[in-house]
Amino acid sequence: MTIAVWLDSDLATAFALLEGVQEFSRQHNGWRVMPLHYTQENVLLRLLREKRLDGLIGEIVSDRWLDAFPRPRIPMVNTGALSAITKIPSVIADNDAIGALACNHLRAQHPAALACLHEPANHAARIRRNAFLRVAKHHHCHVLEPPPHDGFAPNATWREWLATLPAHTALFCTSDPLAQQAIQRALALRLRIPDHLAVLGVGDHLMQSVLASIPLSSIPLPARRIGFRAAETLQQLLLRQPVKRLQRIAPETLLVRESSARPNLSDPFVARAMAYILQHLHLAPDVPALTQSVRISRRALENRFQRTLATTPAFEWRRLQIEEAKRLLTHTRLTLAVIAERTGWSSPHHFANAFKKATSQTPGEFRKG
């Protein structure tokens with residue numbers, strides 16, 4: 001049985017999705033997985049016309065594009081959200097969860113203002129933007145947006161709009177390429193990143209981070225898990241079993257890098273300490289390492305935390321880890337052991353005890369609720 005995997009233009013995302021499909025295929029000896037680059041559309045159509053494929057997984061551009069495929073149509077699973085696909089099942093990133101995660105991260109930077117920049121023609125971008133706005137509204141935060149624009153056009157109006165943003169604005173860009181362009185434009189305007197403008201993207205694309213000239217904070221897409229789930233769904237189609245028409249896979253993490261790792265706090269030492277903590281939530285609180293990074297004595301830093309946040313560095317570190325654990329319990333299927341490791345606990349037992357002390361619920365009870 002030959003299964004084609006139609007790969008995305010971003011190689012890192014494409015390879016991760018392919019790994020997920022291959023992981024599933026190893027459990028099914030009858031599968032042969034054939035990767036096809038997105039530029040090989042003519043090869044894909046030829047294979048379909050010659051009836052040499054039994055199934056297809058990949059990013060479908062649109063329902064209209066799908067209509068051009070030879071009939072009878074083989075079982076297919078879409079893995080992209082450039083547009084709303086209704087004619088075949090889809091397994092895609094939970095773009096609603098991505099927008100919410102972005103808003104909560106940027107709100108934690110204590111910005112003077114929130115802003116959002118998205119690609120209007122992209123279905124996934126619109127969902128991310130709407131979720132960002134919804135969470136901001138829930139927390140009574142106003143979001144600044146540019147006039148209607150074409151996100152990647154050389155003369156896009158948002159390029160001049162960046163110059164109007166107030167100092168200490170936190171900007172969510174619904175893709176890494178857009179974030180990279182925003183950073184380059186901001187630097188051309190002599191805006192300091194992240195002090196004047198904190199920027200967050202989506203996709204964790206290494207090339208965009210390099211082109212941005214500053215390490216780019218980003219939300220990685222769960223491509224490997226999407227690939228595995230898409231393969232599961234395709235297998236169900238091949239067996240003529242019922243499937244869900246739309247399955248969303250939530251992101252597991254947010255990678256905090258230099259472009260958004262400087263909270264807008266009145267005390268610069270506390271701001272730098274918080275930036276360090278946000279980048280090290282996977283580690284147990286290490287106040288000596290924190291003070292060494294900030295270049296201040298422990299006592300002085302603790303006094304500054306008390307004046308600025310009415311707490312201690314260690315307590316704030318653990319509080320943020322508990323908040324991250326809540327998100328992982330709510331939006332992912334990760335085991336408690338993996339969540340404990342990702343949030344800096346030495347064992348699931350210690351994590352469960354600390355979580356219950358902080359929330360009055362066990363991690364399992366919280367997840368069920």
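Since the structure is predicted, the reported quantities are computational estimates derived from the model, not experimental observations.
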Check against side chain to side chain contact (heavy atoms under 4.5 Å, CB included), Arg257 and Ile214: CA-CA 9 Å; Arg257 299 191 179 102; Ile214 186 170; over 6 Å; no

Side chain to side chain contact (heavy atoms under 4.5 Å, CB included) assessment of Arg327 paired with Glu323: CA-CA 6 Å; Arg327 187 188 69 79; Glu323 290 302 311; over 6 Å; no

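Counting only heavy atoms from C-beta outward, the side chains of Asp286 and Gln292 never approach each other to under 4.5 Å. Within the 4.5 Å cutoff, side-chain heavy atoms of Leu82 are placed close to those of Asn122. Two residues are said to be in side-chain contact when any heavy atoms from C-beta on lie closer than 4.5 Å; Arg52 and Thr2 fail this criterion. Put simply, the side chain of Met274 reaches to within 4.5 Å of the side chain of Glu316, judged on heavy atoms. Inter-residue side-chain proximity for Leu44 and Leu56 is flagged as met; some heavy-atom pair is nearer than 4.5 Å. A 4.5 Å side-chain heavy-atom check between Thr312 and Gln306 finds at least one atom pair inside the cut-off. Using a 4.5 Å cut-off on side-chain heavy atoms (C-beta onward), Arg73 and Asp67 make contact. Side-chain contact between Arg225 and Arg229: absent, with no pair of heavy atoms (C-beta onward) separated by less than 4.5 Å.
When atom types are taken as modelled, the side chain of Arg224 and the backbone of Ala16 share no donor-acceptor pair closer than 3.5 angstrom. Formation of a donor-acceptor pair under 3.5 Å by the Gln279 side chain with backbone atoms of Ala275 is found in this model. Arg129 places no side-chain N or O within donor-acceptor distance of the main-chain N or O of Glu119, the cut-off being under 3.5 Å. In terms of modelled atom types and a separation under 3.5 Å, the side chain of Arg342 and the main chain of Leu281 share no donor-acceptor contact.
A continuous path of hydrophobic side-chain contacts links Ile226 to Phe228 [ILVMFWY only; heavy atoms under 4.5 Å]. There is no path of hydrophobic side-chain contacts, each under 4.5 Å, that joins Met1 to Met76. Linking Ile, Leu, Val, Met, Phe, Trp and Tyr residues whenever their side-chain heavy atoms come within less than 4.5 Å leaves Leu254 and Ile127 in two separate clusters. Placement of Met34 and Ile3 in two distinct hydrophobic clusters is found when ILVMFWY residues are connected by side-chain heavy-atom separations under 4.5 Å, directly or transitively. A single hydrophobic cluster is not seen to contain both Leu106 and Val135; linkage of ILVMFWY side chains at heavy-atom distances under 4.5 Å, directly or through other members, places them apart.
Other residues sharing a hydrophobic cluster with Leu329 under the 4.5 Å side-chain heavy-atom criterion for ILVMFWY residues are Ile322, Leu328, Leu334, Leu336, Val338, Ile339, Trp345, Phe351, Phe355, Phe366. Tyr38 forms part of no hydrophobic cluster, judged by ILVMFWY side-chain heavy-atom separations under 4.5 Å. Residue Phe315 is found outside any hydrophobic cluster, as its side-chain heavy atoms come under 4.5 Å of no other Ile, Leu, Val, Met, Phe, Trp or Tyr.
Residues satisfying the side-chain hydrogen bond (donor to acceptor under 3.5 Å, both in side chains) test with Thr86, not counting sequence neighbours, are Asp63. For Glu41, the side-chain contact (heavy atoms from CB on, under 4.5 Å) criterion is met by Trp6, Leu45, Trp65, not counting sequence neighbours. For Gln235, the side-chain hydrogen bond (donor to acceptor under 3.5 Å, both in side chains) criterion is met by Trp31, not counting sequence neighbours. Every side-chain hydrogen bond (donor to acceptor under 3.5 Å, both in side chains) that Thr233 has, sequence neighbours left out, goes to Gln247. For Glu302, the side-chain contact (heavy atoms from CB on, under 4.5 Å) partners two or more places apart in sequence, or in a different chain, are Arg298, Pro313.
Pairs engaging residues 259-290 under the ring-ring contact (aromatic ring centres under 6.0 Å, His included) rule: Tyr276-His280 [sequence neighbours left out]. Residue pairs that meet the side-chain hydrogen bond (donor to acceptor under 3.5 Å, both in side chains) test with at least one member in residues 186-202, sequence neighbours left out, are Asp195-Arg262. Within the structure, ring-ring contact (aromatic ring centres under 6.0 Å, His included) contacts touching residues 115-135 (residues at least two apart or in different chains) are Phe132-Phe172. Sequence neighbours left out, the pairs with a member in residues 89-107 that pass side-chain hydrogen bond (donor to acceptor under 3.5 Å, both in side chains) are Asn78-Ser90, Asn95-Arg128, Asp96-Arg134, Asn104-Arg107, His105-Ser260, Arg107-His139.
Heavy-atom minimum distance, Pro75 versus Leu234: O-CD1, 3.5 Å. Of all the heavy atoms in Leu221 and Val202, the pair that sits closest is CD2-CG1, 3.9 Å. When every heavy atom of Ile219 is checked against every heavy atom of Ile98, the shortest pair comes out as CD1-O, 3.6 Å. Between Gly344 and Gln321, the shortest heavy-atom distance links the atoms CA-NE2, 3.8 Å. In terms of heavy atoms, Thr330 sits closest to Lys326 at OG1-O, 2.8 Å. Contact record, Leu162 with Ala182: CD1-O, 3.6 Å, taken as the closest heavy-atom pair.
No hydrogens or angles considered: nothing links the side chains of Gln184 and Ser213 as a donor-acceptor pair under 3.5 Å. A donor-acceptor contact closer than 3.5 angstrom links the side chains of Asp176 and Ser218. No side-chain donor from either of His349 and Ser347 sits under 3.5 Å from a side-chain acceptor of the other.
Around the NE2 atom of His350, the shell of radius 6.0 Å holds no more than 12 heavy atoms that belong to other residues, nucleotides or ligands. Around the CZ atom of Arg245, the shell of radius 6.0 Å holds more than 12 heavy atoms that belong to other residues, nucleotides or ligands. Shown here is Glu232, whose CD atom has more than 12 heavy atoms of other residues, nucleotides or ligands within 6.0 Å. Summarising the local packing, CZ of Arg248 is surrounded by 12 or fewer heavy atoms from other residues, nucleotides or ligands at distances under 6.0 Å. The local environment of CZ in Arg307 is crowded, with over 12 non-hydrogen atoms from other residues, nucleotides or ligands closer than 6.0 Å.
Note that CD1 of Ile296 is 10.0 Å distant from CG of Leu290, once rounded to the nearest 0.5 Å. Put simply, CG on Leu216 and CD on Gln180 are 8.5 Å apart, with the number rounded to the nearest 0.5 Å. Going from atom CG of Leu197 over to atom CG of Leu165 covers 6.5 Å, rounded to the nearest 0.5 Å. Put simply, CG on Leu144 and CG on Leu117 are 12.0 Å apart, with the number rounded to the nearest 0.5 Å. In this structure, Leu66 CG and Lys87 NZ are separated by 7.0 Å, a value rounded to the nearest 0.5 Å. A distance of 7.5 Å separates CG in Leu17 from CD1 in Ile57, rounded to the nearest 0.5 Å.
Between Glu365 and Lys368 there is no salt bridge, since none of the side-chain N atoms of the basic residue sits less than 4.0 Å from a carboxylate O of the acidic one. Taking the charged nitrogens against the carboxylate oxygens, Arg185 and Glu160 do have a contact shorter than 4.0 Å, which makes a salt bridge.
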